[in-house]
2 protein chains.
Amino acid sequence: METPRELFQIMTRRLGLLNKDCCSVGGCNLSATQSHLLYEIDRSHNPSMQQVAETLGTDITTFSRQVQSLVKMNLVNKTPDPTDRRIYNLSLTPEGKMVATTIDHQMNAYLNEAFSHMSEFEVETLLRSIKLFNEAMGKSSNCCAPVKG
Amino acid sequence: METPRELFQIMTRRLGLLNKDCCSVGGCNLSATQSHLLYEIDRSHNPSMQQVAETLGTDITTFSRQVQSLVKMNLVNKTPDPTDRRIYNLSLTPEGKMVATTIDHQMNAYLNEAFSHMSEFEVETLLRSIKLFNEAMGKSSNCCAPVKG
DNA sequence: CGTTAATACTTGCAATCTGCAAGTTTATTG
DNA sequence: CAATAAACTTGCAGATTGCAAGTATTAACG
């Protein structure tokens, strides 16, 4: 029987490759990091830079530059917060939204392809299990905890 | 209900952070990539560089340099294949083996901590599901397929 | 055989990514 | 009205990445 770590290691390696492959949308060629960034902005409501950086576990200075390049690519808006001018709120441009959606579709398509090798029941069980696992990690006091989600 | 992609995105993000945090062993401060590399060498039997690079989905030139640094850190042995002198076989030094084992323990400890927020049955179901999912991805014809596991 | 092609791996760039230290601007605290 | 803190930016300097081009060895073919 494999250890939990083995199972997760292999799964994350594969999902990592998947993630890399799913980042090319039309002309845009995003890195996996940038894709995560878009994803996170998309699902939050006008988050501040600090917030997103913390969620993703990246240094704020690195994050600052990543945002700059996404703004330059016209995928992300960086608007000053009206109530606190230290803060910048992030949102997706229409183009960014489209890219994020496309990536989402691609990822889901790939996943569904993999799911086609499993029974419907197995897929349901898998998804329910992962949901529980995510919640469990959220409750954990360890490194993976600060990431809300 | 979350899409599969959402569930996997959050899980992999957390596991990524976990992976980062688990790479410091004593004096050694490995990157997540290097940790994966050690893991893969550990579980294969004297693999060639080509083999491991392909499994991990990294460019062979990048991989070559990564191996160089791990050799320099005295964690990996690079021995010429006796039957084909183009090939180098990789193995872990005793020190590398120790580091790999320590990382493994740390990861499993973290995972078990998370599991403590789930019932025994839920954990079993999760692990069995992931195992099935890994097999399904192995059968898939997509990007995540070439990675044997 | 001997030449050509293929394989395994290495090095030269050049671009990107990363994080610490140090800075700017704005808000809060005493 | 200082002094402190918070949010973000820039200056390095080091690490990572991949393509192009190289070396060395083996396989393939005429």
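Sequence lines set the chain letters: A, B, ... in the order given, protein chains first and strands last, and positions in each chain run from 1.
- Distances were taken from every side-chain heavy atom of B:Gln66 (C-beta onward) to each of D:dT17, C:dT10, D:dT9; the shortest belongs to D:dT17.
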Please list, pair by pair, any protein nitrogen or oxygen found under 3.5 Å from a nitrogen or oxygen in nucleotides 10-14 of chain D.
residue : atom : partner : partner atom : Å
D:dT10  : OP2  : A:Gln68 : NE2          : 3.1
D:dG11  : O6   : A:Arg65 : NH2          : 2.7

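- In this structure, B:Asn112 has no side-chain hydrogen bond (donor to acceptor under 3.5 Å, both in side chains) partners at least two apart in sequence or on a different chain.
- When atom types are taken as modelled, the side chain of B:Thr101 and the backbone of B:Lys97 share a donor-acceptor pair closer than 3.5 angstrom.
- The residue B:Ser69 sits apart from the nucleic acid: no heavy atom pair falls under 4.0 Å.
- Taking the side chain of A:Ser31 as heavy atoms from C-beta on, and the options C:dC17, C:dC9, C:dG19, the nearest nucleotide is C:dC17.
- Each end of the helix from C:dC1-D:dG30 to C:dG30-D:dC1 gets its own rotation axis from five pairs of C1' atoms, and the angle between them is 20° to the nearest 10 degrees.
- Residues passing the side chain to side chain contact (heavy atoms under 4.5 Å, CB included) test with A:Ser24 are A:Asn29, sequence neighbours excluded.
- Taking A:Phe8 as the reference, A:Phe133 meet the ring-ring contact (aromatic ring centres under 6.0 Å, His included) condition, with sequence neighbours excluded.
- Listed by chain and number, the residues in a side-chain hydrogen bond (donor to acceptor under 3.5 Å, both in side chains) with B:Glu95 are B:Asn74 (sequence neighbours excluded).
- Taking atom CG of B:Asn29 as the reference point, atom C1' of C:dG19 lies 13 Å away to the nearest angstrom.
- Looking at residues two or more places apart in sequence or on another chain, you find a side chain to side chain contact (heavy atoms under 4.5 Å, CB included) between B:Asn134 and A:Leu7, A:Ile10, A:Met11, A:Arg14, B:Ile130.
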Close N/O contacts between protein and nucleotides 25-27 of chain C (under 3.5 Å):
residue : atom : partner : partner atom : Å
C:dA27  : OP1  : A:Arg85 : N            : 3.1
C:dA27  : O4'  : A:Arg86 : NE           : 3.4

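- When the nucleotides C:dG19, C:dT10, C:dC17 are ranked by their closest atom to the side chain of B:Lys78, C:dT10 comes out on top.
- Applying the salt bridge (charged side-chain N to carboxylate O under 4.0 Å, His left out) test to B:Lys20 and every residue at least two apart in sequence or in another chain returns nothing.
- With rounding to whole Å, A:Asp81 atom CG is found 17 Å from D:dA6 atom P.
- Comparing B:Asp59 and A:Gln50 along DNA chain D, the residue whose closest nucleotide (by nearest heavy atom) sits nearer the 5' end is A:Gln50.
- Applying the side chain to side chain contact (heavy atoms under 4.5 Å, CB included) test to A:Ser119 and every residue at least two apart in sequence or in another chain returns A:Phe121, A:Glu122.
- Considering only side-chain atoms of A:Thr62, the nucleotide from D:dC8, C:dG19, C:dC9 that sits closest is C:dG19.
- When heavy atoms are screened at a 4.0 angstrom cut-off, A:Tyr88 is found touching the sugar-phosphate backbone but no base atom.
- Side-chain atoms of A:Glu40 do not come within 3.5 Å of backbone N or O of A:Leu37 as any donor-acceptor pair.
- For the side-chain hydrogen bond (donor to acceptor under 3.5 Å, both in side chains) test, no residue two or more places apart in sequence or in another chain qualifies with B:Thr125.
- Applying the salt bridge (charged side-chain N to carboxylate O under 4.0 Å, His left out) test to residues at least two apart or on different chains, the pairs with a partner in residues 59-85 of chain A are A:Asp84-A:Arg86.
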